[in-house]
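Contents: one structure, followed by commentary.
Reminder, nothing fancy here: chain letters follow the sequence lines and each chain counts from 1.
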Amino acid sequence: MAAADTFSISTPIFYVNDAPHIGHAYTEVAADVLARWNRQSGRDTWSLTGTDEHGQKILRTAVANGVSPKEWADKLVDEAWVPLLKTIDIQNDDFIRTTEDRHESVVQAFLQKLYDTGFIYDGEYEGFYCVGCEEFKQHGDLVEGAGEFDGQLVCPIHGRPVEVLKEKNYFFRMSDFQQRLLDLYESQPDFLQPDSVRNEIVSFVRRGLDDLSISRQSFDWGVRVPWDDSHVVYVWFDALLNYISALGWEPTADAPAFERFWPSNHIVGKDIARFHSVIWPAMLMAADLPVPRRVFAHGWLLVGGEKMSKSKLTGIAPSQITDVFGSDAFRYYFLRAINFGQDGSFSWEDLSARYQAELANGFGNLASRVVSMVGRYCDGILPAATEVTAAEERIHEVLASAVARAEGAMDRFAIHEALAAIWTVVDELNGYLTEQEPWKVAKDEERTARLHTILYTAADGLRALAVLLSPVTPQATQKLWRALGAESALGSLTDQRIPDAGVWGQLPAGAVVSPMEGLFPRIEQEAAV
RNA sequence: GGGGCGGUAGCUCAGCUGGUUAGAGCAGUGGACUCAUAAUCCAUCGGUCACGGGUUCAAGUCCCGUCCGCCCUACCA
């Protein structure tokens with residue numbers, strides 16, 4: 001079991017059938033910010049992402065494109081999914097692909113263990129299968145087709161006809177775990193969040209669970225069932241195991257990384273919450289392994305009031321945003337504007353407005369004015385604070401409170417709340433400068449000490465902001481860190497501990513404050529439609 | 001059919017276990033200021049809290065019903 005001071009987190013592994021859109025990027029960014037935050041909070045941290053590459057859908061796509069499924073997967077991983085991580089500045093510790101040996105061997109070992117312990121049996125399954133969903137459908141789930149599929153039964157999600165499949169399958173005794181799952185949801189309420197998703201899953205499980213068909217015979221693009229190579233493992237059963245295969249789990253031998261970092265926190269979209277909160281913990285229970293620390297389901301990105309989708313042409317590539325606003329702005333915007341866990345509206349207007357108001361005019365301009373004044377009035381040498389008044393004490397209090405609230409919020413994965421708390425410091429410092437009017441104080445030679453106190457206070461406030469915002473806007477805060485001359489005295493930015501960020505007076509007087517490019521330059525209007 | 005979530009200022013959203021004149025940000029308007037990215041700060045305009053009943057000394061906040069949106073789930077066939 002992982003020790004108390006560790007933190008491990010995963011994104012879903014993404015299906016390599018399409019190019020990434022901002023919904024995928026949103027998930028990645030959220031997990032990345034939580035990982036960076038926890039790492040900077042002093043926890044032994046590990047973050048995982050990767051790709052899901054098996055299944056009939058990918059096989060068919062590859063065939064349609066005239067390549068082997070592995071070639072298809074390689075191409076998408078190299079050209080789309082790995083580059084995505086760079087586009088949005090993800091700092092993952094590992095990247096797992098389900099076609100890697102280290103994964104497939106774990107899938108087989110896990111399956112064999114369940115087979116040996118009686119949790120898997122063979123049976124026959126006949127049903128309607130949707131290739132798009134990679135799952136069997138109940139008759140009632142299907143709808144009448146229209147247009148070219150008139151008269152046929154089609155999958156309501158994909159709008160394409162389902163196929164009647166009858167095959168020998170291996171089944172996992174998931175039904176055995178109904179009560180243990182219900183007990184889990186009840187005894188550990190934060191196992192599955194937010195509550196809206198939790199409620200749905202609880203009522204779903206209460207109705208009873210069927211055993212799960214976990215093998216397929218009709219195609220061969222998947223992990224072989226170890227004792228029967230005419231079957232491949234059902235893609236979801238395969239995919240979920242990435243969370244422990246990446247940690248090197250083994251059924252018999254010790255696995256140091258697994259011991260150190262399992263159980264993980266899983267960030268998922270709410271569409272796949274059920275796989276992660278029902279099937280996955282049941283699998284782990286069967287194998288006598290700890291269930292995940294937490295499954296957190298985030299909401300949809302809504303574009304024009306509707307769930308973003310490629311088919312409706314509302315799909316947006318992350319680079320469309322980062323090319324204009326940069327990766328920091330992408331990361332900040334989606335985490336600040338959307339209640340993590342709820343659906344959230346995306347619009348270019350809102351993105352543009354928040355960039356301008358909060359990043360450029362708020363944080364960026366604050367940094368500019370402080371750095372500029374230290375340069376102008378103190379020759380770029382940070383002065384000392386000597387006379388602390390109520391105004392400075394007020395700043396200290398706001399900062400301490402912001403740190404405490406941000407930490408509490410991040411522990412609950414309420415990322416938007418944490419950002420709102422941190423931003424009170426930005427607003428307070430801007431107000432402080434306007435009220436203290438250091439540009440006027442500078443004209444009075446008898447008030448030099450006062451001037452120095454004001455500038456020091458503002459600069460040390462920026463130091464705290466750089467630390468607190470480093471997980472969210474790593475590029476801009478690094479620029480600021482350098483400009484403040486903090487590195488030589490305090491060390492690198494990412495080594496600064498978040499719990500200590502509110503301790504006042506860390507920037508040493510005498511630090512060399514150097515001119516700085518704007519953290520968030522104004523964006524010309526035509527770029528944002 | 002059963003269930004969940006949401007419907008609060010022009011826009012995006014807060015409002016916990018019911019309690020003074022319903023809040024924030026953005027946008028709008030007026031003013032102050034000039035260190036700064038034509039930035040900042042202050043003030044101000046703006047809401048029948050979807051609708052109709054009910055409980056209560058008191059209800060966005062609880063109960064019932066209706067309408068709208070999204071979602072989970074079931075079934076007739």
- Item | Partner set under side chain to side chain donor-acceptor pair (under 3.5 Å) for A/Asp176, not counting sequence neighbours | none
Distance in angstrom units between [X] [atom1] and [N] [atom2], rounded:
X	N	atom1	atom2	result
A/Leu335	B/C13	CG	P	16 Å
A/Glu358	B/U40	CD	C1'	15 Å
A/Asp195	B/G6	CG	C1'	15 Å
A/Arg198	B/C71	CZ	C1'	18 Å
A/His298	B/C71	NE2	P	15 Å
A/Asp271	B/C5	CG	P	20 Å
A/Asp350	B/A24	CG	P	19 Å
A/Asn199	B/G2	CG	P	18 Å

- Want to settle it: does A/Arg354 or A/Asp427 sit nearer the 5' end of RNA chain B, counting the closest nucleotide to each? A/Arg354
- Message: What residues from residues 385-424 of chain A pass a heavy-atom cutoff of under 4.0 Å to RNA chain B?
- Response: none
- Mind checking what makes ring-ring contact (aromatic ring centres under 6.0 Å, His included) contact with A/Phe171, not counting sequence neighbours?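 A/Phe171 satisfies ring-ring contact (aromatic ring centres under 6.0 Å, His included) with A/Tyr121 only.
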Rounded [atom1] spacing from [N] to [M] in Å:
N	M	atom1	answer
B/C71	B/A38	P	44 Å
B/A74	B/G1	C1'	7 Å
B/G60	B/G47	C1'	12 Å
B/G30	B/G46	C1'	15 Å
B/C41	B/C5	C1'	40 Å
B/C57	B/C76	P	50 Å
B/U17	B/U21	C1'	24 Å
B/G10	B/A27	C1'	8 Å

- Quick one: salt bridge (Lys or Arg N to Asp or Glu O under 4.0 Å) partners of A/Glu407, sequence neighbours excluded?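 Residues passing salt bridge (Lys or Arg N to Asp or Glu O under 4.0 Å) with A/Glu407: none at all.
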- Query: Which residues satisfy the salt bridge (Lys or Arg N to Asp or Glu O under 4.0 Å) test with A/Arg173, sequence neighbours excluded?
  - Reply: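 Partners of A/Arg173 under the salt bridge (Lys or Arg N to Asp or Glu O under 4.0 Å) test: none.
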- Message: Under the ring pair (Phe, Tyr, Trp, His ring centres under 6.0 Å) definition, can you give me all pairs with a residue in residues 385-411 of chain A, not counting sequence neighbours?
- Response: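 Counting only pairs at least two positions apart or across chains, the ring pair (Phe, Tyr, Trp, His ring centres under 6.0 Å) contacts touching residues 385-411 of chain A are A/His396-A/Trp504.
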- Message: With ring pair (Phe, Tyr, Trp, His ring centres under 6.0 Å) as the rule and sequence neighbours excluded, what pairs involving residues 452-481 of chain A come up?
- Response: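 Pairs touching residues 452-481 of chain A that pass the test: none.
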- Task: Establish, yes or no, whether the cationic atom of A/Arg293 lies under 6.0 Å from the six-membered ring centre of A/Phe191 and within 45° of the ring axis.
- Result: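 No, A/Arg293 and A/Phe191 do not form such a contact.
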- Message: Give me each pair satisfying side-chain hydrogen bond (donor to acceptor under 3.5 Å, both in side chains) with a member in residues 357-375 of chain A, each pair once, sequence neighbours excluded.
- Response: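 Passing the test, one end in residues 357-375 of chain A: A/Tyr332-A/Glu358, A/Arg354-A/Glu358, A/Arg369-A/Asn430.
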- With a 4.5 Å limit on heavy-atom distance, are the side chains of A/Tyr355 and A/Tyr333 in contact? no
From [options], nucleotide with atom closest to [X] side chain:
X	options	answer
A/Glu200	B/C13, B/C72, B/C26	B/C72
A/Ser345	B/C26, B/G25, B/U12	B/U12
A/Ser196	B/C5, B/G3, B/C26	B/C5

Check: residues 419-429 of chain A side-chain donor-acceptor pairs under 3.5 Å, at least two apart:
unit_1	atom_1	unit_2	atom_2	d
A/Thr424	OG1	A/Ala421	O	2.6
A/Glu428	OE2	A/Arg394	NE	3.1

- Query: salt bridge (charged side-chain N to carboxylate O under 4.0 Å, His left out): which pairs involve residues 454-478 of chain A, sequence neighbours left out?
  - Reply: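 Sorted pair list: A/Asp460-A/Arg463.
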- Query: How would you label the contact of A/Asn339 with the nucleic acid (heavy atoms, under 4.0 Å): base, sugar-phosphate, or nothing?
  - Reply: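 Touches sugar-phosphate only.
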- Query: Contact class for A/Gln342 vs. all strands (heavy atom < 4.0 Å): base, sugar-phosphate, or nothing?
  - Reply: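 The answer is sugar-phosphate, as A/Gln342 gets under 4.0 Å only of primed atoms, P, OP1 or OP2.
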- Note on the structure: The contact string for nucleotides 29-37 of chain B, one letter per nucleotide 5' to 3', using protein heavy atoms under 4.0 Å with B, S and - for base, sugar-phosphate only and none, comes out as ----SSBBB
- Note on the structure: So the stems of RNA chain B, runs of at least three Watson-Crick or G-U pairs (under 3.5 Å), are B:1-7 with B:67-73, B:10-13 with B:23-26, B:28-32 with B:40-44, B:50-54 with B:62-66
- Message: With a 4.0 Å cut-off on N to O distance, would you call A/Asp444 and A/Arg450 a salt bridge?
- Response: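 Judged by the 4.0 Å cut-off on N to carboxylate O distance, A/Asp444 and A/Arg450 do not form a salt bridge.
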- State plainly whether the residues A/Arg36 and A/Asp89 are in salt-bridge range, i.e. N to O under 4.0 Å.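 So A/Arg36 pairs with A/Asp89 through a salt bridge.
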- Message: Quick check on B/G4: syn or anti? Syn means the glycosidic torsion is within 90 degrees of zero.
- Response: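 In terms of base orientation relative to the sugar, B/G4 is anti.
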